[in-house]
There are 2 protein chains.
Amino acid sequence: MNIKKFSEATKLTAYTVRYYEKMGLLKNISRNSSGHRWFTEQDIVWVAFIKRLKDTGMPLEGILKYAELREQGISTSEQRMKMLQDHALKLEENITEQQLNLKKLQQKITYYSDVIKVQ
Amino acid sequence: MNIKKFSEATKLTAYTVRYYEKMGLLKNISRNSSGHRWFTEQDIVWVAFIKRLKDTGMPLEGILKYAELREQGISTSEQRMKMLQDHALKLEENITEQQLNLKKLQQKITYYSDVIKVQ
DNA sequence: CTACAACTTAGAGCCAACTCTAAGTCAAGT
DNA sequence: ACTTGACTTAGAGTTGGCTCTAAGTTGTAG
């Protein structure tokens, strides 16, 4: 598919898609006869994973490192697994922290609702 | 306390403390005879709350809006409560999303550990 | 055959949130 | 009196992650 379809499918702008390719997150994107990028379903799956890492707080630099390991094939599986384990651990900690944050916010909301009742 | 003690207490750099004051997050910070900022324990509590909002994804612009309502006194309690309720709702949704993300990452890790076993 | 939309590139611009620099003031210690 | 070091300011610079511009090429419809 062309960049327009791909950007619709991934919900990235075409600008961002080109940016990701330029910085090395998207590798081996083929071109058609007139030099336009041609994306596959597999590229969509890969972007979905990039987004998951990004949305869980991994900087693009970290995702790039993963992408480079991935490009080198199966021999880097262990390294990639290690990266994901470290990341998952941080994510778990972050979720716990956010649950505490939520609780504290809810306490403050309760405090406000008491203030308002008295007003 | 002076800016150094305050930055240690809040774990913000002195640069960031000044930046927060300049942009309006920190209001009514008094000065000593030589023009240096003088912070109180209450300022530490307030920064802790700023950090909670920030760490849960509220942009400084939003926190600034809250700070301005807060400065106007008790009459804005309801507005502030509304802000916190909206924010807490988004946070709750985000936690749910991150829990799903974590699950998916863990599945991928399991997949990797199978790949490695076979290798 | 020409208009027009969609693509291409390199590189500039933008935004949030800091982070630092330069030039200056001030208080405390020797 | 002088050095040292912490503070002050306005404003410039940095970083991450896009977002856009300009100039050019290509494919399709009228």
Rounded to the nearest Å, what distance is computed from the NE2 atom of residue A/His36 to the P atom of nucleotide C/dA5?
15 Å
Out of D/dT19, C/dC18, C/dA27, minimum distance to the side chain of B/Tyr19 belongs to C/dC18
Do the side chains of B/Lys117 and B/Asp114 get close enough for a salt bridge, i.e. N-O under 4.0 angstrom?
yes
When you measure from the side chain of A/Lys4, which nucleotide among D/dT9, D/dC18, C/dA6 comes out closest?
C/dA6
Separation of D/dA6 atom C1' from B/Tyr15 atom OH, nearest Å, is 12 Å
Please determine whether a side-chain nitrogen of the Lys or Arg among A/Arg31 and A/Glu21 lies less than 4.0 Å from a carboxylate oxygen of the Asp or Glu.
yes
From CG of B/Asn32 across to P of D/dT8 the rounded distance in Å is 8 Å
When you measure from the side chain of A/Thr13, which nucleotide among C/dA6, C/dA17, D/dT19 comes out closest?
D/dT19
Side-chain N,O (B/Arg31) to OP1/OP2 (D/dT9) below 4.0 Å
yes
Using the side-chain heavy atoms of A/Ser34, tell me which of these nucleotides is nearest: C/dC26, D/dT26, D/dG17.
D/dT26
Atom-to-atom span, CD of A/Glu21 to P of C/dC7 - whole angstrom:
14 Å
Would you kindly give the CE-to-P distance between A/Met23 and D/dT19, to the nearest whole Å?
14 Å
Protein-nucleotide distance (B/Leu26, atom CG; C/dC18, atom P), rounded to Å:
12 Å
Between D/dC7 and B/Asn2, is there an OP1 or OP2 to side-chain N/O distance shorter than 4.0 Å?
yes
Are A/Ser7 and A/Thr13 side-chain neighbours, meaning at least one heavy-atom pair lies under 4.5 Å?
no
If the cut-off is 4.0 Å, is B/Arg37 near the phosphate of D/dT8, judged by side-chain N/O to OP1 or OP2?
yes
Which of these nucleotides, C/dA10, D/dG27, C/dA17, is closest to any side-chain atom of A/Lys22?
C/dA10
On the nucleotide D/dC18, are OP1 or OP2 found under 4.0 Å from the side-chain N or O atoms that A/Tyr20 carries?
yes
Between A/Lys11 (NZ) and D/dG17 (C1'), how many Å, whole number?
20 Å
Looking at B/Tyr112, is A/Lys82 sitting on its ring face, NZ or CZ under 6.0 Å from the six-membered ring centre and within 45 degrees of the normal?
no
Figure out the CD1/C1' separation between A/Ile3 and C/dA5, and round it to whole Å.
15 Å
Establish, yes or no, whether the cationic atom of B/Lys108 lies under 6.0 Å from the six-membered ring centre of A/Phe49 and within 45° of the ring axis.
yes
